[in-house]
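Have a look at the structure below before the remarks.
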Amino acid sequence: MEGKVLVAVAVVVLLVVLSKLKSLFVAKPKLNLPPGPWTLPVIGSIHHLITNPLIYRRLRELAQKHGPLMMLRLGEVPTLVVSSPEAAQAIMKTHDTSFADRFTNATLDAITYNATDLVFAPYGERWRQLRKICVLELLSTTRVQSFQRIREEEVARFIHNIATSAAVGSSVDMSDGINKFINDAFVRACVGGRCEYQEEYLDAFHMAVQQTSGLTVADLFPSSRIMQMLGRAPRKALAGRDRMQRILEQIIQENKESLDRGDKTAQESFIGVLLRLQNEGGTPIQLTNDTISSLMFDMFGAGSDTSASVLIWSMTELIRSPAAMAKVQAEVREAFKGKSTITEDDLARAELSYFKLVIKETLRLHTHLPCLIPRQCRETCQVMGYDIPKGTSVLVNVWAISRDPKYWDDPEEFKPERFEKNDLDYKGTNYEYLPFGSGRRMCPGINLGLANINLVLVSLLYHFDWKLPDGMEPKDVDVWETVGLIANKRTSLVLHPVTRIAPANA
């Protein structure tokens with residue numbers, strides 16, 4: 001009897017062991033991943049990208065072979081590349097919640113206070129509250145309009161400087177001038193006045209952002225301690241962030257002192273608003289100095305860098321397209337005939353239909369973030385029949401989408417007139433045109449960005465005719481972008497201004 005029991009127990013144990021062994025050897029259901037180029041051990045798909053340092057251009061070439069949903073593996077990081085309006089809509093509308101997180105790596109974590117800012121914060125209650133604060137307190141139409149005087153003063157100063165150069169026949173580095181104008185105006189809005197630390201802060205900001213422009217070992221192999229130790233980009237990004245933090249701490253302290261004195265200008269600045277909310281203590285999340293600093297990093301990136309890039313590209317494309325330049329200047333000069341200075345109130349009353357098309361077309365050809373800001377899959381899901389694993393990084397290649405001949409005639413040409421025949425706008429509902437993204441993670445600062453662009457561009461077109469340096473033809477103007485994921489113009493735009501309508505006090 002005892003022997004039978006032992007045999008029975010042995011049989012049960014054997015069955016359990018066999019069952020476990022079977023579970024180990026039986027293949028798990030294979031995911032139906034999107035297609036992609038062949039991979040190599042360890043590095044995955046990286047070798048397919050090194051042929052072109054402008055990654056979004058290379059991604060378009062690969063997508064033309066492998067499809068609008070394409071899976072890459074960049075080191076350890078699975079990466080989904082989206083390259084059609086239909087695929088973009090599936091990610092940013094149909095499955096928006098599933099892809100509402102931001103993808104971050106070691107370098108981005110270093111810059112963004114471990115993703116505690118607004119742009120890179122994980123989707124959730126804290127992100128919602130940060131966005132609410134920014135939208136209602138910093139980026140509302142009323143707040144943006146409150147900086148009208150600052151913008152008008154800085155435009156007048158910029159125009160005066162150009163008129164001075166024109167009077168002596170000097171050429172102007174428009175890239176440098178536009179960047180300085182935007183930074184001066186934006187810093188005044190942020191801190192309430194001119195700032196002695198501005199150049200130092202901007203140097204630290206650009207040094208930190210530059211570290212995100214390429215593929216680094218620390219970001220490609222996040223699980224490897226050795227690669228983290230070898231990675232220089234996260235360390236340099238952190239050093240830049242620490243410099244920004246020290247400067248902002250000083251600015252915050254000075255703003256607190258100004259607020260204590262009842263300085264109205266300081267009260268209306270971005271930092272002044274955040275300090276008021278910090279003192280009142282009624283926000284659902286605590287506004288620490290670190291939180292304020294991280295929000296200022298976001299504001300500088302979205303409010304100054306983007307605006308300057310759009311202005312530079314607008315002037316670049318217009319100088320390359322004499323017919324478009326003549327048409328937009330005729331419209332602007334007719335609208336403001338007889339004025340020596342244009343104000344934002346004048347701008348609000350004017351009908352500048354072609355001018356608006358110029359801005360739209362510039363944003364189509366030169367989206368500041370060609371692959372937007374990477375998203376991350378929060379939960380395994382199916383998109384257009386393919387399985388997308390949790391944790392996958394997602395790049396929406398709007399640069400490729402906005403140059404797709406299936407949706408755009410002569411897509412590589414600057415033709416503002418193309419927008420006369422459609423009602424495409426910036427709101428993120430037309431997936432063939434997404435300069436500011438779409439869905440929950442769409443850029444909330446559109447009003448601020450356009451406000452920084454419109455008056456100065458109108459003024460440049462109204463007051464001056466523009467010529468290229470001697471011997472240079474429009475077709476010779478460089479339109480290549482800097483290396484990295486941000487599409488700034490590679491070379492400076494140097495133009496010769498000729499005063500057509502003298503500005504006030506010039």
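All values below were derived from every heavy atom in this structure, side-chain atoms included, with hydrogens, water molecules and symmetry-related copies excluded.
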Does one side chain, of Thr362 or Ser314, offer a donor that lies under 3.5 Å from an acceptor on the other? yes
Tell me whether Gln286 at atom CD has more than 12 heavy atoms from other residues, nucleotides or ligands lying less than 6.0 Å away. no
Donor-acceptor pair, distance only, cut-off 3.5 Å: does the side chain of Arg441 make one with the backbone of Asp96? no
Short question: side chain of Gln278, backbone of Leu287 - any donor-acceptor pair under 3.5 Å? yes
Say you draw a straight line from CG of Asp305 to CG of Asn183; how long is it, rounded to the nearest 0.5 Å? 8.0 Å
With sequence neighbours left out, what residues match Phe120 under ring pair (Phe, Tyr, Trp, His ring centres under 6.0 Å)? none
Would you sort out whether Asn289 and Gln245 count as a side chain to side chain donor-acceptor pair (under 3.5 Å), showing the intermediate values? CA-CA 9 Å; Asn289 283 3; Gln245 177 69 19; over 6 Å; no
Begin with the C-alpha distance, continue with both residues' side-chain angles, and end with the deciding distance and a verdict on salt bridge (Lys or Arg N to Asp or Glu O under 4.0 Å) for Asp425 and Lys356. CA-CA 11 Å; Asp425 57 33; Lys356 294 175 183 177; over 6 Å; no
Verify the distance criterion only: is there a donor paired with an acceptor across the side chains of Thr288 and Thr291 at less than 3.5 Å? yes
Looking only at side chains, do Ser146 and Arg143 share a donor and an acceptor under 3.5 Å apart? no
For the student: nearest non-hydrogen atoms of Thr216 and Gln211, plus distance: CG2-O, 4.5 Å
Sequence neighbours excluded - side-chain hydrogen bond (donor to acceptor under 3.5 Å, both in side chains) pairs with any residue from residues 38-54: Thr51-Arg58
Treating Asp203 as the side-chain partner and Glu199 as the backbone partner, does any N or O pair qualify as donor plus acceptor under 3.5 Å? no
Flag the pair Pro222 / Val77 as yes when at least one side-chain heavy-atom distance between them is below 4.5 Å, and no otherwise. yes
Is there a donor-acceptor pair closer than 3.5 Å between any side-chain N or O of Tyr433 and the backbone N or O of Lys360? yes
Please report the interatomic distance CG(Asp478) to OG1(Thr491), rounded to the nearest 0.5 Å. 3.5 Å
Side chain to side chain contact (heavy atoms under 4.5 Å, CB included) assessment of Ile159 paired with Phe181: CA-CA 10 Å; Ile159 295 299; Phe181 155 73; over 6 Å; no
Does Glu152 pair with Arg149 as a salt bridge, N-O distance under 4.0 Å? no
Would a distance-only check, ignoring hydrogens and angles, find a side-chain to backbone donor-acceptor pair under 3.5 Å from Glu481 to Leu54? no
Looking at every heavy atom in both Leu130 and Thr116, which two are closest together, and how far apart are they? CD1-O, 3.7 Å
Hey, can you tell me if Trp127 and Tyr123 have their rings parallel, tilted or perpendicular (30° and 60° cut-offs)? tilted
State whether Arg128 and Glu125 are salt-bridged, where the test is any N-O pair (Lys NZ or Arg NE/NH1/NH2 against Asp/Glu carboxylate O) under 4.0 Å. yes
Closest approach of Val119 to Asp298 (non-hydrogen atoms, all atoms of both residues): N-OD2, 3.1 Å
Side chains of Cys371 and Ile55: closer than 4.5 Å at any heavy-atom pair? no
Could you state the interatomic distance from CG (Leu139) to SG (Cys443), rounded to the nearest 0.5 Å? 8.0 Å
Exam field: side chain Asn397 to backbone Ala400, donor-acceptor pair closer than 3.5 Å: yes
Under the ring pair (Phe, Tyr, Trp, His ring centres under 6.0 Å) test, which residues partner Tyr113, sequence neighbours left out? none
Measure across Pro497 and Phe464 and return the closest heavy-atom pair with its distance rounded to 0.1 Å. CB-CD2, 4.3 Å
Quick check: does any side chain N or O of Arg364 sit under 3.5 Å from a backbone N or O of Ser402, one acting as donor and the other as acceptor? yes
Between Asp219 and Thr107, does any side-chain donor sit less than 3.5 Å from a side-chain acceptor? yes
Between Asp109 and Thr104, a side-chain donor and acceptor under 3.5 Å: yes
Assign the ring pair Phe147 / Phe270 to parallel, tilted or perpendicular, where the plane angle (0 to 90°) is split at 30° and 60°. perpendicular
Taking distance alone, no hydrogens or angles, what donor-acceptor pairs closer than 3.5 Å link side-chain atoms of residues 227-238 to residues at least two apart or in another chain?
residue : atom : partner : partner atom : Å
Gln228  : NE2  : Ala218  : O            : 2.8
Gln228  : NE2  : Phe221  : O            : 3.2
Arg235  : NH1  : Met229  : O            : 2.8
Arg235  : NH1  : Gly231  : O            : 2.9

Would you mind reporting whether Ile133 and Leu274 have side-chain heavy atoms less than 4.5 Å apart? yes
Can you find a pair of side-chain heavy atoms, one from Tyr201 and one from Ile251, that are under 4.5 Å apart? no
Does a side-chain heavy-atom distance below 4.5 Å link Lys180 with Asp173? no
Is the backbone N or O of Trp480 less than 3.5 Å from a side-chain atom of Arg490, with the two atoms forming a donor-acceptor pair by type? no
Measure the spacing between CD1 of Ile312 and CG of Leu493 and express it to the nearest 0.5 Å. 8.0 Å
In chain order, what residues pass the salt bridge (charged side-chain N to carboxylate O under 4.0 Å, His left out) check against Glu137, with sequence neighbours excluded? Arg276
Atom pair CG/CG of Leu369 and Leu395 - distance to nearest 0.5 Å: 11.5 Å
So, the side chain of Thr212 versus the backbone of Ala208: is there a donor-acceptor pair under 3.5 Å, distance only? no
Between Arg151 and Ala451, which heavy-atom pair has the shortest distance, and what is it? CD-O, 3.4 Å
Report yes if the side chains of Tyr197 and Gln250 come closer than 4.5 Å at any heavy-atom pair, otherwise no. yes
Between Ala487 and Ser309, the two heavy atoms sitting closest are O-OG, 3.8 Å
Can you check whether Met70 reaches Pro34 side chain to side chain, under 4.5 Å on heavy atoms? no
Side-chain contact, heavy-atom cut-off 4.5 Å: His366 with Lys489? no
Would you give the length of the straight line joining atom CG of Leu460 to atom CG of Leu318, rounded to the nearest 0.5 angstrom? 10.5 Å
Distance-only, no hydrogens or angles: does the Thr380 side chain make a donor-acceptor pair with backbone N or O of Lys390 under 3.5 Å? yes
Tell me, with the steps shown, if Val82 and Leu69 meet side chain to side chain contact (heavy atoms under 4.5 Å, CB included). CA-CA 5 Å; Val82 178; Leu69 276 183; 3.9 Å; yes
Scan the side chains in residues 184-196 for donor-acceptor partners under 3.5 Å anywhere in the protein, sequence neighbours excluded, and list what turns up.
residue : atom : partner : partner atom : Å
Asp184  : OD1  : Gln198  : NE2          : 2.8
Asp184  : OD2  : Arg157  : NH2          : 2.8
Arg188  : NH1  : Glu153  : OE1          : 3.1
Arg188  : NH1  : Glu154  : OE2          : 2.9
Arg188  : NH2  : Glu153  : OE1          : 2.8
Arg194  : NH1  : Glu154  : OE2          : 3.2
Arg194  : NH2  : Glu154  : OE2          : 2.5

